[in-house]
Amino acid sequence: MAVDEPGWEVDPDDEWGLAVIATVGRQLKLRREAVGMRAAEFGAAVGYGEDMVYKLEGGRRIPRPEFLDKADEVLSADGLLKAMKEDVARVRYPKKVRDLAKLEAKTVEMHLYDPLNIHGLLQTPEYAHGLLVMRRPAYTTDEVERYMAARVARKAIFERDPAPELSFVLEEWTLRRPLGGRAILRRQLEHLVEIGKMKNVELHVMPTDREEHAGLAGGIEVLKFADGSAVGRSPAVANGRPVTDPRQLRILELRYGIVRAQALTPLESKVFIEQLLGET
């Protein structure tokens, strides 16, 4: 019995994504008609309902990688459909996440402070999943899956060569709150200890008992590039929009520098996280 699998909705504001999925849909339809298969027959062969086949061919749904593999085989496409998986994979990620990943792929230095959570680049899959399912109003299953895929893809920044310099400031309370359960928190703390061993990564823990804190206005992100340019973002500057103006960047860099100086050193932070592990 064919399963009318939900797939992913296409973001209507994502022009590039819409173009990619429309192209994939056209190729699917051309290949299906070229081998003389009806939509219902093709759907049965790949385990999809006829209506879903029409949605995929019409560019209204994002096909899953395993579907493209199966379709390529059933339609004797000689790798044409499989070759589209890379672009389709990018469309799976929300546009704002994809745009951020493009910037991260070019950066040579990043300064990152999140006052509410452990930064997304540092989260384990289990911790990230827990945060996503706690969100209210709740994300759909598809949305959770897409955001999870995007976060996993962004971790490629740790594997780049040459590696960018990464500096994080983490709030103590985010390391203590057992979101998702103590087992998930423990694995998250273990992951931070491992990440902290990387030569290009600095972790600074901001103790809760600090009497001065320059980051109370919100999170800070500063990304620097090889050509000397930079882009930054903070809720306290330009209403959270990305900024490239040198004057606004100077404010963000100054604020981040003070926050980092007020936090523990990387060595002190390592010892602190290891102590938390012993208590968890």
Side-chain angles (χ1 to χ4, degrees), residues 97 100 104 109-136 139 144 147-148 150-159 163-223 232-236 240 252-253 255-280:
V97 177
L100 177 58
E104 290 174 349
E109 186 178 345
M110 294 176 66
H111 297 166
L112 304 164
Y113 166 61
D114 187 336
L116 300 178
N117 296 300
I118 295 170
H119 194 278
L121 288 175
L122 298 174
Q123 294 172 8
T124 63
E126 297 82 6
Y127 187 91
H129 184 269
L131 292 182
L132 289 170
V133 298
M134 290 177 203
R135 193 250 197 189
R136 295 295 182 272
Y139 286 129
V144 170
Y147 275 111
M148 282 299 299
R151 292 198 181 191
V152 170
R154 287 177 63 202
K155 299 297 180 67
I157 194 170
F158 291 106
E159 301 168 5
E165 295 296 321
L166 306 175
S167 173
F168 298 86
V169 177
L170 304 97
E171 289 289 345
E172 176 188 343
W173 77 271
T174 67
L175 307 179
R176 289 186 177 277
R177 177 169 282 184
L179 297 174
R182 293 202 171 275
I184 289 178
L185 175 61
R186 181 173 181 80
R187 177 67 194 100
Q188 176 64 65
L189 294 175
E190 291 172 343
H191 179 65
L192 291 177
V193 171
E194 291 303 311
I195 288 288
K197 294 177 181 178
M198 300 179 71
K199 292 182 179 180
N200 64 308
V201 177
E202 286 189 353
L203 303 182
H204 298 262
V205 175
M206 174 67 82
T208 305
D209 63 2
R210 284 290 194 259
E211 295 184 359
E212 291 195 21
H213 193 322
L216 297 181
I220 303 168
E221 296 181 1
V222 178
L223 283 65
R233 186 173 63 174
S234 173
L252 292 180
E253 290 189 64
R255 192 170 292 159
Y256 183 84
I258 296 175
V259 171
R260 182 170 58 185
Q262 292 170 333
L264 301 177
T265 67
L267 180 57
E268 292 169 337
S269 297
K270 174 180 178 293
V271 173
F272 187 89
I273 294 172
E274 289 175 339
Q275 288 176 341
L276 287 180
L277 255 176
E279 300 170 7
T280 304

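Just so you know, these numbers use all the heavy atoms, side chains as well, and skip hydrogens, waters and symmetry mates. Just so it is clear, the structure is predicted and the values come from calculations on it, not from any experiment.
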TODO: Verify whether one side chain among Thr265 and Glu268 offers a donor that lies under 3.5 Å from an acceptor in the other.
DONE: yes
TODO: Kindly indicate whether the side chain of Lys270, heavy atoms from C-beta on, has any atom under 4.5 Å from the side chain of Leu264.
DONE: no
TODO: Calculate, to the nearest 0.5 Å, the distance between atoms OH and CZ belonging to Tyr139 and Arg135 respectively.
DONE: 4.0 Å
Open item on the list: How close do His204 and Ala263 get, counting heavy atoms only, and between which atoms?
Closed with: CB-CB, 3.9 Å
TODO: State whether the number of non-hydrogen atoms from other residues, nucleotides or ligands found under 6.0 Å of Arg177 atom CZ is greater than 12.
DONE: no
- [ ] To the nearest 0.5 angstrom, please state how far the CD1 atom of Ile258 sits from the OH atom of Tyr256.
- [x] 13.0 Å
Task: Closest approach of Arg151 to Ala128 (non-hydrogen atoms, all atoms of both residues) - done: NH1-CB, 3.9 Å
Task: Expected output: side-chain Arg136 to main-chain Val133 donor-acceptor under 3.5 Å - done: yes
Open item on the list: Side chains of Asn200 and Leu166, heavy atoms from C-beta outward: is any pair under 4.5 Å?
Closed with: yes
Task: Atom pair NE2/CG of His119 and Leu192 - distance to nearest 0.5 Å - done: 12.5 Å
Open item on the list: For Ser167 versus Arg260, what's the shortest heavy-atom pair and its separation?
Closed with: OG-NH1, 3.4 Å
- [ ] Grab the two heavy atoms, one from Thr208 and one from Glu172, that are nearest each other, plus how far apart they are.
- [x] N-OE1, 2.8 Å
Task: Working for side chain to side chain contact (heavy atoms under 4.5 Å, CB included), residues Leu277 and Glu190 - done: CA-CA 7 Å; Leu277 255 176; Glu190 291 172 343; 3.7 Å; yes
Open item on the list: Checking the side chain of Gln188 only, and the main-chain atoms of Leu122 only, is there a donor and an acceptor separated by less than 3.5 Å?
Closed with: yes
Open item on the list: So, taking the atom named CE in Met110 and the one named CZ in Phe168, what distance separates them when rounded to the nearest 0.5 Å?
Closed with: 6.5 Å
Task: From Thr124 atom OG1 to Ile118 atom CD1, the distance as rounded to the nearest 0.5 Å - done: 8.0 Å
Open item on the list: Can you tell whether the side chains of Arg187 and Glu126 come within less than 4.0 Å, N to carboxylate O?
Closed with: no
Open item on the list: Within the structure provided, determine whether Glu212 and Arg210 are in side-chain contact (heavy-atom separation under 4.5 Å).
Closed with: no
- [ ] Could you tell me whether Arg176 and Glu279 have a side-chain N and a carboxylate O separated by less than 4.0 Å?
- [x] yes
TODO: Evaluate the side chain to side chain contact (heavy atoms under 4.5 Å, CB included) criterion for residues His129 and Val144: first the C-alpha distance (whole Å), next the side-chain angles of each, then the deciding distance (0.1 Å), finally the verdict.
DONE: CA-CA 7 Å; His129 184 269; Val144 170; 3.8 Å; yes
TODO: Mind listing the closest non-hydrogen atom pair of Gly130 and Met134 along with its distance?
DONE: O-CG, 3.0 Å
Open item on the list: With no hydrogens and no angle check, just 3.5 Å: does a side-chain donor-acceptor pair link Tyr113 and Glu171?
Closed with: yes
- [ ] Specify the closest pair of heavy atoms between Leu189 and Thr280, including all atoms of both residues, with the distance to one decimal.
- [x] CD1-OG1, 3.6 Å
Task: Residue pair Val259, Met206: steps toward the side chain to side chain contact (heavy atoms under 4.5 Å, CB included) verdict - done: CA-CA 8 Å; Val259 171; Met206 174 67 82; 3.8 Å; yes
Open item on the list: Working to the nearest 0.5 angstrom, can you tell me the gap between Gln262 CD and His213 NE2?
Closed with: 7.0 Å
Task: Minimum side-chain heavy-atom gap Asp114-Leu112 below 4.5 Å - done: no
Open item on the list: If you define the side chain from C-beta out and look only at heavy atoms, does anything of Glu274 sit under 4.5 Å from Val193?
Closed with: yes
